[in-house]
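Reading through the C-alpha cells given below for one structure.
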There are 2 protein chains.
Amino acid sequence: MKGRPTVFKNEEMVLKAQELFWEKGYTATSLSELSARTGAGAGSLYNTFKGGKKELFKKSLYQRKVDLEDFKTLLEKSDNPIELIKAFFLSVVTESKKSHFKGCIIANTIVEMTFIDEELGNNAIDILKETEKLYTTTILSEQKRGYIKSQIPATVLARHLITLWCGINTLRRIYPDKDILKQQIELQLQIIK
Amino acid sequence: MKGRPTVFKNEEMVLKAQELFWEKGYTATSLSELSARTGAGAGSLYNTFKGGKKELFKKSLYQRKVDLEDFKTLLEKSDNPIELIKAFFLSVVTESKKSHFKGCIIANTIVEMTFIDEELGNNAIDILKETEKLYTTTILSEQKRGYIKSQIPATVLARHLITLWCGINTLRRIYPDKDILKQQIELQLQIIK
DNA sequence: CTATTTTTGTACCAATCATTACAAAACACA
DNA sequence: TGTGTTTTGTAATGATTGGTACAAAAATAG
C-alpha cells in the first residue's frame, strides 16, 4: 500500500466515539469533544467517516447491532435460553454507577431523536425491534418445548421485555441502586414463566 | 403601574416553550426557535426569564409539578383512587400519534440531562420521585382498606408504576399503536391487584 | 533520490449558538 | 404636553458549531 499509514483504526474510533455519544447523546456531543476523545483531528475524522458526525453516530449504533448478533448465537447454543435472557436483565443490576447513568444507547437515542433526526431515530428503533424479534422466537420455541407454561402470546411477552428494558433504562438513573433495581426486574420477569 | 405594558404573559410563554422543549429536548431547542414559537423577541424572553434558556426550561418542568398537584387532589377526593391511577395509565393509549412521539417531558429530561446538566436532571428526577410517593401513599392506604390484596410492599408496587411509565414513554415511540400499548399497560397493571 | 499517494494536523469557513446592549415604543403620572 | 419607567424589537456580542481546504508528513514504488 502506498501513502501515509493509517494510524487511527476505524473500529477503535467508533468505540471511543460511542462512549461519548452514549453519555451525552447525539446533539450535545460536539466534534471537538469527539476529536479530543478519539485523539484524531478533524481531518482524520472526516477522512475516515465521510458522512461526518452523523455517520460516526450511525456506526456507533451499528456496533450495538453486532453485539446483538453475538447474543443471538449465544441464545441458539444454550439449552435454557430463557434463563440466559433473564440473567442478562439481572446483570444490569451489578453494573457501575456510571453505567446506570449512561443507560442504553439505543433507548436513549429513541428518546432523543424523535423530532431531531428521523433516520437516526429509526435506526435505533430497528435495533430494539430486532431484539424483540429475537425474544419472540426464543419464547415461542420455549413455549412449544413446554418450558414456558404461560399462554400469553410470545409476541406480547417479548414486547413486555422491551418495555421493561426501556423502563429500567430510566429507573436506573433515578435509583442507581442494586437492591431496588433487582427488586423491580425480578418482579417483572415473573411474567415470563 | 408605570411603563410599557407587558404583552407576553409569563405562564403563556412557559406553556409555549414547554411544547418545544417537550418535542426537541433542552439541548436541541434554540433560543431563536423559542422566540419564534412564543412570539417574543430575545429582549422579552430575557426580561421575563432572567436566567435565560435554563430558567425557561426549569419553569417548563415546574409546570408539570403543578399538574401533579392537581392529580393529587383528584386522588384524594376519589373513593377509588387505584382505578383512577389505572385509568390515567390507560388514557395514554388513546392519545394522538404526536403525543406518543413526544412522550413524557420528565422522563425525557432524565434521559437527556444525566451528563449535561445535573441540576435540571435532578429537577426532573424529583418530580418522578414525588409522583412515586403519591402512588405509594395511595396504594398503602388501599392495602389497609383491603382494596388491594397483594402483599407486595406499596413502595415496590409504586416503583413498578414508575418503571412502567418510563417504559411506556419509550415503547409508544416504537409502537404508537393503540392496541399494542393497551395490551402492554394492562398486562403490567395486573400486578396492582 | 524522486515521484506518487494517502493520512494527518491545523487553520479556516460560514452558520448558529446563548446572551447582552440599547434605542424606540408604550404606557402612567404630572 | 412633557417626564419617568418599563417593555419591546433589533442589532450586535463573542463563543462554538459542524464541516472544509490544504500543506506538511509519511509511507511506497520506481
Side-chain angles (χ1 to χ4, degrees), chain A residues 1-14 16-21 23-61 109 112-113 115-121 123, chain B residues 1-14 16-21 23-61 109 112-113 115-121 123:
Chain A
M1 255 295 265
K2 243 177 174 182
R4 184 170 174 170
T6 312
V7 51
F8 294 108
K9 302 295 164 201
N10 193 303
E11 196 182 346
E12 282 176 34
M13 283 172 73
V14 169
K16 297 262 190 189
Q18 191 193 55
E19 265 186 65
L20 210 52
F21 282 133
E23 290 170 24
K24 308 191 65 179
Y26 179 73
T27 312
T29 302
S30 68
L31 271 159
S32 55
E33 286 174 296
L34 286 166
S35 190
R37 182 69 72 100
T38 58
S44 293
L45 275 172
Y46 277 87
N47 189 54
T48 315
F49 304 96
K50 300 280 159 56
K53 185 185 175 183
K54 185 168 172 177
E55 182 63 23
L56 192 45
F57 190 78
K58 272 192 195 176
K59 290 273 182 6
S60 295
L61 286 185
T109 302
E112 182 189 356
M113 286 304 163
F115 291 93
I116 308 296
D117 189 306
E118 210 186 325
E119 190 192 358
L120 292 179
N123 280 151
Chain B
M1 255 295 264
K2 247 178 172 178
R4 183 171 176 170
T6 312
V7 52
F8 294 108
K9 301 295 165 202
N10 194 302
E11 197 182 345
E12 283 176 33
M13 283 171 73
V14 169
K16 297 259 191 190
Q18 192 193 54
E19 264 186 65
L20 211 51
F21 281 134
E23 290 171 24
K24 309 190 64 177
Y26 179 73
T27 312
T29 301
S30 69
L31 257 119
S32 55
E33 285 174 295
L34 286 167
S35 190
R37 183 70 72 100
T38 58
S44 294
L45 275 171
Y46 278 87
N47 189 54
T48 316
F49 304 96
K50 300 280 160 57
K53 185 184 174 183
K54 184 168 173 177
E55 182 63 23
L56 192 45
F57 190 78
K58 271 191 195 176
K59 290 274 184 0
S60 295
L61 287 185
T109 303
E112 183 188 356
M113 285 304 164
F115 291 93
I116 308 295
D117 189 306
E118 211 185 325
E119 189 192 359
L120 293 179
N123 280 151

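We name chains A, B, ... by the order of the sequence lines, and we start the count at 1 in each one. As the structure is a prediction and not an experimental result, all values here were calculated from the model.
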So which one's nearest nucleotide on DNA chain D is more toward 5', B/A40 or A/A28?
B/A40
N-O pairing of A/K16 and A/E12 below 4.0 Å:
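Answer for the salt bridge query: no.
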Can you tell me how far [atom2] of [N] sits from [atom1] of [X], to the nearest Å?
X     : N      : atom1 : atom2 : result
B/L31 : C/dA15 : CG    : C1'   : 16 Å
A/K24 : D/dT17 : NZ    : C1'   : 13 Å
A/K50 : C/dT6  : NZ    : P     : 11 Å
B/L45 : D/dT6  : CG    : P     : 20 Å
B/F57 : C/dT19 : CZ    : P     : 14 Å
B/E33 : C/dA18 : CD    : P     : 8 Å
A/N47 : C/dT5  : CG    : C1'   : 12 Å
B/K53 : C/dT20 : NZ    : P     : 14 Å

Would you say B/K24's side chain and B/S30's backbone share a donor-acceptor pair under 3.5 angstrom?
no
So, does A/K59 use its side chain to make a donor-acceptor pair with the main chain of A/Q18 at under 3.5 Å?
no
Please compare A/S44 and B/R4 by the position of their nearest nucleotide in DNA chain C and report the one closer to 5'.
A/S44
When you check the phosphate oxygens OP1 and OP2 of [N], does a side-chain N or O of [X] lie under 4.0 Å from one of them?
X     : N      : answer
B/S30 : C/dC17 : yes
A/Y46 : D/dG19 : yes
A/S32 : D/dT17 : yes
B/K2  : D/dG4  : no

Would you indicate what A/T27 reaches in the nucleic acid, counting non-hydrogen atoms under 4.0 angstrom: base, sugar-phosphate, or nothing?
nothing
If you look at every strand shown and take non-hydrogen atoms under 4.0 Å, does A/S35 touch a base, only sugar-phosphate, or nothing?
nothing
Quick check for you: to the nearest 0.5 Å, what is the distance between B/L45 atom CG and B/T38 atom OG1?
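Between atom CG of B/L45 and atom OG1 of B/T38 there are 4.5 Å.
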Walk me through whether A/E23 and A/R37 qualify under side-chain contact (heavy atoms from CB on, under 4.5 Å).
CA-CA 12 Å; A/E23 290 170 24; A/R37 182 69 72 100; 3.7 Å; yes
